[in-house]
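Comments concern the structure below.
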Amino acid sequence: QVQLVESGGGLVQAGGSLRLSCAASGGTFSRYSVGWFRQAPGKEREFVSAAVWFGGTTVYADSVKGRFTISRDNAKNTVYLQMNSLKPEDTAVYYCAASDAYWSARSLSDGHRYDYWGQGTQVTVSS
């Protein structure tokens, strides 16, 4: 059983940056694919980014491509989401998720592929 805890959210002005962290405990973290999702008020949860555990392939939603970067430090059992050039429309609760199955990078955009979820961290971008 893997437990995930996000941190690093907060209030930032448009154009600013934040780095989210997701600390994992339990399981062999290096063998988990990880993803970030977000949910804004009144909207459905949407995919942000994912990293496949084997080969290091990463994938991004078009809305964040070129601004956000996912990375992981397996020694620290932590995955990060570096968010630059933030926009008000990036405001949402951000969740990290993990899967121990063999999914392609493209399929990791589907939240149903994940087995474990964190509790979320709020990101608010002011205009």
Side-chain angles (χ1 to χ4, degrees):
Q1 186 78 8
V2 173
Q3 291 81 44
L4 304 172
V5 179
E6 302 96 333
S7 61
L11 174 63
V12 63
Q13 288 188 331
S17 298
L18 282 174
R19 189 178 78 158
L20 304 184
S21 299
C22 175
S25 60
T28 305
F29 182 68
S30 61
R31 296 180 66 85
Y32 285 82
S33 293
V34 291
W36 287 95
F37 291 77
R38 66 187 182 186
Q39 187 166 21
K43 295 188 177 181
E44 293 187 354
R45 182 181 65 194
E46 66 172 349
F47 169 74
V48 175
S49 180
V52 180
W53 73 266
F54 52 95
T57 302
T58 58
V59 62
Y60 298 90
D62 288 342
S63 59
V64 307
K65 200 171 294 182
R67 300 188 297 123
F68 290 11
T69 303
I70 189 171
S71 62
R72 64 191 300 164
D73 185 336
N74 289 333
K76 296 182 178 180
N77 287 350
T78 301
V79 60
Y80 304 98
L81 185 69
Q82 178 66 45
M83 306 186 295
N84 299 329
S85 302
L86 283 161
K87 305 175 181 179
E89 51 263 44
D90 294 318
T91 295
V93 177
Y94 283 71
Y95 299 90
C96 70
S99 172
D100 59 2
Y102 289 86
W103 299 113
S104 68
R106 171 176 280 188
S107 63
L108 286 171
S109 63
D110 183 348
H112 294 96
R113 308 299 190 196
Y114 296 85
D115 307 294
Y116 309 100
W117 291 83
Q119 83 290 346
T121 186
Q122 176 70 46
V123 172
T124 303
V125 184
S126 63
S127 57

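Numbering of residues begins at 1 and proceeds along the displayed sequence. For the numbers below, each heavy atom of this structure counts, side chains included, while hydrogens, waters and symmetry mates do not. Note that the coordinates shown come from a computational prediction; the quantities given were computed from them, not determined experimentally.
- A salt bridge links Lys65 and Asp62; the closest N-O separation between the charged side-chain nitrogens and carboxylate oxygens is under 4.0 Å.
- Under the side-chain contact (heavy atoms from CB on, under 4.5 Å) criterion, Ala40 pairs with Lys43, Ala92, not counting sequence neighbours.
- A donor-acceptor pair under 3.5 Å links the side-chain atoms of Glu6 to the main chain of Gly120, judged by distance alone.
- When the side-chain contact (heavy atoms from CB on, under 4.5 Å) test is applied to Thr28, the partners found at least two apart in sequence or on another chain are Ser30, Arg31.
- You'll find the side chain of Arg38 reaches within 4.5 Å of the side chain of Ser63, heavy atoms only.
- Contact detail for Arg45 and Gln39: the closest heavy-atom pair is N-NE2, 3.7 Å.
- The backbone N or O of Trp53 lies less than 3.5 Å from a partner atom in the side chain of Ser33, making a donor-acceptor pair.
- Of all heavy-atom pairs between Gly8 and Thr121, the closest is N-OG1, 4.3 Å.
- Gln82 meets the side-chain contact (heavy atoms from CB on, under 4.5 Å) test with Ser17, Arg19, Thr69, Asn84; sequence neighbours excluded.
- With hydrogens and angles disregarded, a donor-acceptor distance shorter than 3.5 Å links the side chain of Ser49 to the backbone of Val59.
- For the residue pair Val93 and Gln122, the shortest heavy atom distance occurs at CG2-OE1, 3.2 Å.
- To the nearest 0.5 Å, the span separating OG on Ser127 from NZ on Lys87 amounts to 14.0 Å.
- Val125 forms part of a hydrophobic cluster together with Val12, Leu18, Leu20, Phe29, Val34, Trp36, Val48, Tyr60, Val64, Phe68, Ile70, Val79, Leu81, Met83, Leu86, Tyr94, Val123, judged by ILVMFWY side-chain heavy-atom separations under 4.5 Å.
- The structure places CD of Gln1 at 6.0 Å from CD of Gln3, a figure rounded to the nearest 0.5 Å.
- Under the ring pair (Phe, Tyr, Trp, His ring centres under 6.0 Å) criterion, Phe37 pairs with Phe47, Tyr114, Trp117, not counting sequence neighbours.
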Just distance, no hydrogens or angles: give the donor-acceptor pairs under 3.5 Å from side chains in residues 95-108, sequence neighbours left out.
unit_1	atom_1	unit_2	atom_2	d
Ser99	OG	Ala101	N	3.2
Ser99	OG	Trp103	NE1	3.3
Ser99	OG	Arg113	O	3.1
Trp103	NE1	Arg113	O	3.2
Ser104	OG	Ser107	N	3.3
Ser104	OG	Ser107	OG	3.1
Ser107	OG	Ser104	N	3.0
Ser107	OG	Ser104	O	2.8

